[in-house]
S.K.: 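Quick one: this structure, given as structure tokens, is what I'll be asking you about.
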Amino acid sequence: MEYAHRLKKFRVEHGLSQERLAERVPYSESAVGHVERLMRKPSEDLTRELEKALGLDGQLMELLPQIHGVLGPRWFREWPKVEATAHAIRTWEPMLIPGLLQTESYARKVFLGEPGATEQESEKAVQFRLHRQAVFSRSAPPMYSALIDESVLRRPVGGPQVMRDQLQRLLEVLNPPYITVRIVPLKAGLTVGCLGAFEVATLLDGGPDHAYLESAEEGRVTNRVRTVQALIVQWEALSSMAYPVDGSREAIREVMTNYE
């Protein structure tokens, strides 16, 4: 297992035995040893502690979805890898709160709303979505700029309590320049983004920009220059229609009163 291989490699590089590593985390030596010897699956909590003890930045966390079978649809699997290495992410969402900003309750209602979705499948999808949000826990998180259509705030996914908590989450995470959320008002009319959500990521290593586009059935990840550039132009056009950050905060607060 790649996880066990990496764990041993990083442990040895730090000159630590399993016993010494266990002293740095709130877990027993046997717990650490069992993971390294493939006798048990690593939990998210244990992984966070191991990364902290070894000074890592996601090298173990990124392997958890594969280990626990929550990788999501095959056509989507490339995008979390892009997110994990992104310097900046620009998002446009005309229908739902962006996945990286969703609360657990909101995400659960979204996935349960899929035709034919089972509770087990939905729960796996929720956990995968929450795992992706760990990108913001990196020592150098990406700059994340989200544009959200005002109708998304007014769509009562899950009912008043779920929406109130979700909008409160938006206010809490809104922290320029790392995370900005701006609302495109309904009065903007028919916009260039009405046909679907998309994201554009600029990579840390200077590699080509990547984009993720959603459709009714499935999504698509691409680094085709013409496609990415066209989406950047669309994002900039939408950005010019959006409220500034302070105005967006007020718009979110105003809509929250509808869910009291």
Side-chain angles (χ1 to χ4, degrees), residues 3 42-52 56-73 75-93 95-114 121-148 152-153 157-158 161-182 197-204 210-212 214 219 221 245 248 252:
Y3 186 106
S43 67
E44 184 170 338
D45 286 340
L46 172 59
T47 301
R48 288 187 188 281
E49 293 295 337
L50 289 171
E51 289 214 340
K52 189 186 306 181
L56 304 180
D57 191 20
Q59 293 94 322
L60 297 178
M61 288 293 293
E62 69 182 11
L63 300 175
L64 290 184
Q66 181 177 2
I67 293 170
H68 294 285
V70 290
L71 282 169
W75 48 262
F76 184 74
R77 293 179 185 179
E78 185 63 25
W79 187 247
K81 299 177 185 177
V82 173
E83 289 176 333
T85 57
H87 165 68
I89 301 173
R90 283 173 279 188
T91 298
W92 158 245
E93 182 52 77
M95 297 297 293
L96 297 167
I97 300 297
L100 289 182
L101 303 179
Q102 289 179 7
T103 63
E104 182 173 348
S105 296
Y106 186 98
R108 185 168 288 111
K109 291 298 181 181
V110 168
F111 288 118
L112 284 173
E114 291 286 338
E121 290 171 343
S122 297
E123 195 57 34
K124 282 188 176 183
V126 169
Q127 295 309 311
F128 179 48
R129 179 150 295 178
L130 296 178
H131 173 79
R132 286 173 53 213
Q133 294 176 3
V135 70
F136 294 128
S137 299
R138 287 182 354 207
S139 58
M143 290 185 290
Y144 184 80
S145 301
L147 299 175
I148 304 175
V152 173
L153 309 183
V157 175
Q161 184 63 53
V162 171
M163 286 303 300
R164 189 160 54 246
D165 292 345
Q166 176 61 76
L167 297 186
Q168 182 61 41
R169 165 70 66 82
L170 293 185
L171 295 174
E172 290 171 354
V173 300
L174 209 170
N175 182 29
Y178 296 105
I179 299 179
T180 60
V181 176
R182 290 189 293 140
F198 61 83
E199 298 186 74
V200 176
T202 301
L203 304 189
L204 282 168
H210 282 63
Y212 168 68
E214 283 192 353
V221 178
V245 170
S248 295
I252 293 169

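A quick note: this is a predicted structure, and the numbers were derived from the prediction, not measured.
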S.K.: Does this structure show an ion pair linking Glu123 with Arg108, if we count only N-O contacts that are shorter than 4.0 Å?
M.R.: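 Here Glu123 pairs with Arg108 in a salt bridge, since their nearest N and O are under 4.0 Å apart.
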
S.K.: Between Tyr3 and Pro42, is there a donor-acceptor pair closer than 3.5 Å when you use the side chain of the first and the backbone of the second?
M.R.: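 The answer is no, because no donor-acceptor pair under 3.5 Å joins these two groups.
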
S.K.: What is the minimum heavy-atom distance between Ala107 and Arg129, and which atoms define it?
M.R.: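 Nearest pair, atom of Ala107 first, then Arg129: CB-CD, 4.1 Å.
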
S.K.: Is there a donor-acceptor contact under 3.5 Å from the side chain of Glu51 to the main chain of Leu60?
M.R.: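 Judged by distance alone, yes, a pair lies under 3.5 Å.
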
S.K.: Where do Pro142 and Ala86 come nearest, in terms of heavy atoms and distance?
M.R.: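 Shortest heavy-atom separation between Pro142 and Ala86 comes out as CB-O, 3.5 Å.
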
S.K.: Working to the nearest 0.5 Å, report the span between CG of Leu147 and OG1 of Thr91.
M.R.: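 Rounded to the nearest 0.5 Å, the CG-OG1 separation comes out at 8.5 Å.
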
S.K.: Is there a donor-acceptor contact under 3.5 Å from the side chain of Gln59 to the main chain of Asp57?
M.R.: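 Pair found, side chain donor or acceptor close to backbone of Asp57.
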
S.K.: Does Thr103 offer a backbone N or O that forms a donor-acceptor pair with the side chain of Gln166 under 3.5 Å?
M.R.: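 Side chain of Gln166 to backbone of Thr103, a donor-acceptor pair under 3.5 Å: yes, one is there.
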
S.K.: Please examine the side chains of Val135 and Ser137, heavy atoms only from C-beta on, and report whether any two atoms are closer than 4.5 Å.
M.R.: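 SC-SC contact between Ser137 and Val135 ruled out.
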
S.K.: Which residues satisfy the ring-ring contact (aromatic ring centres under 6.0 Å, His included) test with Tyr178, sequence neighbours excluded?
M.R.: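 In terms of ring-ring contact (aromatic ring centres under 6.0 Å, His included), with neighbours along the sequence ignored, Tyr178 is linked to no residue.
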
S.K.: Please examine the side chains of His210 and Trp79, heavy atoms only from C-beta on, and report whether any two atoms are closer than 4.5 Å.
M.R.: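 Yes, their side chains come closer than 4.5 Å.
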
S.K.: In Å and rounded to the nearest 0.5 Å, what is the CD to CZ distance from Glu93 to Phe198?
M.R.: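 Taking CD in Glu93 and CZ in Phe198, the distance rounds to 10.5 Å.
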
S.K.: Contact between Met61 and Glu44 at the side-chain level, heavy atoms closer than 4.5 Å - yes or no?
M.R.: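 Side-chain contact under 4.5 Å: yes.
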
S.K.: Identify the two heavy atoms, one from Ile97 and one from Tyr106, that lie closest to each other, and give their separation to 0.1 Å.
M.R.: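 Nearest pair, atom of Ile97 first, then Tyr106: N-OH, 3.2 Å.
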
S.K.: For Pro141 versus Phe136, what's the shortest heavy-atom pair and its separation?
M.R.: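 Taking every non-hydrogen atom into account, CB-O, 3.8 Å.
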
S.K.: Distance check, rounded to the nearest 0.5 Å: Asp165 atom CG versus Met163 atom CE?
M.R.: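 With rounding to 0.5 Å, CG (Asp165) is 10.0 Å from CE (Met163).
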
S.K.: Side chains of Trp92 and Glu214, heavy atoms from C-beta outward: is any pair under 4.5 Å?
M.R.: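 Result no, sub-4.5 Å side-chain heavy-atom pair not found.
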
S.K.: Nearest 0.5 Å, what's the CD1-CG distance between Ile252 and Leu167?
M.R.: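 It is 7.0 Å, given to the nearest 0.5 Å.
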
S.K.: Are Gln127 and Glu104 packed together at the side-chain level, in the sense that at least one heavy-atom pair is separated by less than 4.5 angstrom?
M.R.: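 Sidechains of Glu104 and Gln127: in contact.
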
S.K.: Working to the nearest 0.5 angstrom, can you tell me the gap between Ile148 CD1 and Arg182 CZ?
M.R.: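 Reported to 0.5 Å precision, the distance equals 11.0 Å.
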
S.K.: Under 3.5 Å, is there a donor-acceptor pair between the side chain of Gln102 and the main chain of Leu130?
M.R.: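 Looks like no, no N/O pair under 3.5 Å.
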
S.K.: Do the side chain of Glu83 and the main chain of Arg132 share a donor and acceptor less than 3.5 angstrom apart?
M.R.: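 Not a single qualifying donor-acceptor pair exists.
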
S.K.: Side chains of Gln161 and Arg164: do they bring a donor and an acceptor to under 3.5 Å?
M.R.: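 Yes - a donor-acceptor pair under 3.5 Å links their side chains.
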
S.K.: Any heavy-atom pair between the side chains of Ser105 and Val162 that's under 4.5 Å?
M.R.: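 Yes; the side chains approach each other to less than 4.5 Å.
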
S.K.: Could you state the interatomic distance from CG (Leu101) to CG (Leu170), rounded to the nearest 0.5 Å?
M.R.: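 Leu101 CG to Leu170 CG: 6.0 Å, rounded to 0.5 Å.
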
S.K.: Quick one: are Leu100 and Ile179 in side-chain contact, heavy atoms under 4.5 Å?
M.R.: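 The answer is no, as the side chains (C-beta and beyond) never meet within the 4.5 Å cut-off.
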
S.K.: For Gly99, is there any backbone N or O sitting under 3.5 Å from a side-chain donor or acceptor partner on Gln133?
M.R.: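 Yes; at least one donor-acceptor contact below 3.5 Å.
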
S.K.: Hey, mind stepping through Ser248 and Val181 against side-chain contact (heavy atoms from CB on, under 4.5 Å) and telling me if it holds?
M.R.: CA-CA 7 Å; Ser248 295; Val181 176; 5.7 Å; no

